[in-house]
Amino acid sequence: GFDKMASIHITADWPYFTRRRAYMREQHGDPSNPPMEISPAIFQVIREHGPRSSIDFKRKDMVDWSWGKPTRLARASLEILNAMGELLIHHRVGTRRVFDLTERLLPTELISALDPNETEKDYQNWHVFRRVGGLGLASPNASEYWGAILGVNTEIRRATLKRLVDSGDLMAVAVDGVPRQTFFIRMADLPVIEAVQKKRSPRARAVFIAPLDNLLWDRNLVRRIFNFDYVWEIYKPEVERKYGYYVLPVIYGDRFVARVD
DNA sequence: CGAGGACTAAATGAGGCGCC
DNA sequence: GGCGCCTCATTTAGTCCTCG
């Protein structure tokens, strides 16, 4: 699915993403959009022959796509139908996704379930709260980690965070050594934080952190709290790389101590 | 603050080729 | 016809910096 970015989420969350699917349909679902024009053919093949991936469609037409590059029309079509909720990933072959009809993969009650968030405001509360949980410690400042929350800009986000504090779901906190900055945590995380602080000397072990791990969503915060500057260099031109294509941070105990590539 | 632009390499599989 | 080997095309996934 798609939450902050491409991600795995539990099927029980399907109804909560009704708004996102509708939004994707608004963006791409016009029948004259080339990937939509060929969608009936795609559906037919999958319905009759089972799960299919982009390479199973032989047509060579190209369309403009993300990453500033064109892509094959069939691939664009699968991708858009997936974003709109018509197709889901059945399995993967290596990194390639093989799609099947949503109606074959999800129970009917889930597909027909209503969006639990009745109003726009309900949705905003839900999604901002969910994202704060993902971040653990959330700065209200604009950044990529607030992305993909529909209709929420900086102003609305600040208002939503305030609402969630007022309702007792979130708590505003300050961090030692980071002056003049308010952060937000989930109230429900408080016992965990307190338990960790009480533990005298946790047994230290080394952990390799993946570049897209939640811990690294706010790289600014990592720099300020842990004094560790991390950039995933995969998207840097080779000559500009400092450490390597796929540098990973290494944590030992509660500190960032090294990098590996 | 937010829009827009620039940017990468590993893994996989299809297809061509020579050879038996 | 089929195997082994090679090459080539395709697919996958967001970050970060600049500018108005």
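A note on names: the letters A, B, ... follow the listed sequences, proteins ahead of strands, and every chain is numbered from 1. In this text, all values refer to a predicted model and were calculated from it rather than measured experimentally.
Atom CG of A/L216 is separated from atom P of C/dT15 by 10 Å (rounded to the nearest Å). In this structure, OH of A/Y245 is placed 9 Å from C1' of C/dT12, rounded to the nearest angstrom. Rounded to an integer number of Å, the gap from NZ of A/K4 to P of C/dG14 is 8 Å. As rounded to whole Å, 14 Å separates atom P of B/dC1 from atom CD1 of A/I156. Per the geometry, CG belonging to A/N82 stands 14 Å off C1' belonging to C/dA13, to the nearest Å. Going from atom CD1 of A/I89 over to atom C1' of C/dT12 covers 11 Å, rounded to whole Å. One interatomic measurement links the two molecules: CZ of A/R72 to C1' of C/dC8, which rounds to 14 Å at whole-angstrom precision. In this structure, A/W232 places its CH2 atom 21 Å from P of B/dA6, rounding to the nearest Å.
In terms of position on DNA chain B, the residue among A/I234 and A/N153 whose nearest nucleotide sits closer to the 5' end is A/N153. Along DNA chain C, the nucleotide nearest to A/S54 and the one nearest to A/L212 differ in position, and the one closer to the 5' end is contacted by A/S54. Both A/R158 and A/K236 lie near DNA chain B, and the one whose nearest nucleotide falls closer to the 5' end is A/R158.
Under the side chain to side chain donor-acceptor pair (under 3.5 Å) criterion, A/R157 pairs with A/T154, not counting sequence neighbours. Evaluation of the salt bridge (charged side-chain N to carboxylate O under 4.0 Å, His left out) rule for A/E37 yields no partner, not counting sequence neighbours.
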Practice task
Start with the C-alpha gap between A/S167 and A/D169, add the side-chain angles, then the distance that decides, and say whether side chain to side chain donor-acceptor pair (under 3.5 Å) holds.
Solution key: CA-CA 6 Å; A/S167 64; A/D169 294 305; 2.7 Å; yes
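Geometrically, A/R186 engages A/F129 in a cation-pi contact defined by less than 6.0 Å to the ring centre and at most 45° from the axis. Annotation: cation-pi pair A/R219/A/W232 absent, no NZ/CZ under 6.0 Å from the ring centroid and within 45° of its normal.
Using a 4.0 Å cut-off between a side-chain N of Lys or Arg and a carboxylate O of Asp or Glu, A/R131 and A/D3 qualify as a salt bridge. With respect to A/E79 and A/R97, a salt bridge is recorded, a charged nitrogen being found less than 4.0 Å from a carboxylate O.
OP1 and OP2 of C/dT10 both lie 4.0 Å or more from every side-chain N or O belonging to A/R75. Under 4.0 angstrom from either OP1 or OP2 of C/dT11 there lies no side-chain N or O belonging to A/R97. Taking side-chain N and O atoms only, A/R219 has a distance below 4.0 Å to OP1 or OP2 of C/dC16. The side chain of A/T154 contributes an N or O atom lying less than 4.0 Å from OP1 or OP2 of B/dG2.
Across all strands shown, A/R157 has no heavy atoms under 4.0 Å from either base or sugar-phosphate atoms. Among the protein residues, A/E144 comes within range of the nucleic acid bases, having at least one heavy atom under 4.0 Å from a base atom.
Taking the C1' atoms of five terminal pairs at each end of the helix from B/dC1-C/dG20 to B/dC20-C/dG1, the two resulting helix axes are inclined by 20°, rounded to 10°.
Side-chain proximity of A/A142 to B/dC1, C/dG14, C/dT12: nearest is B/dC1.
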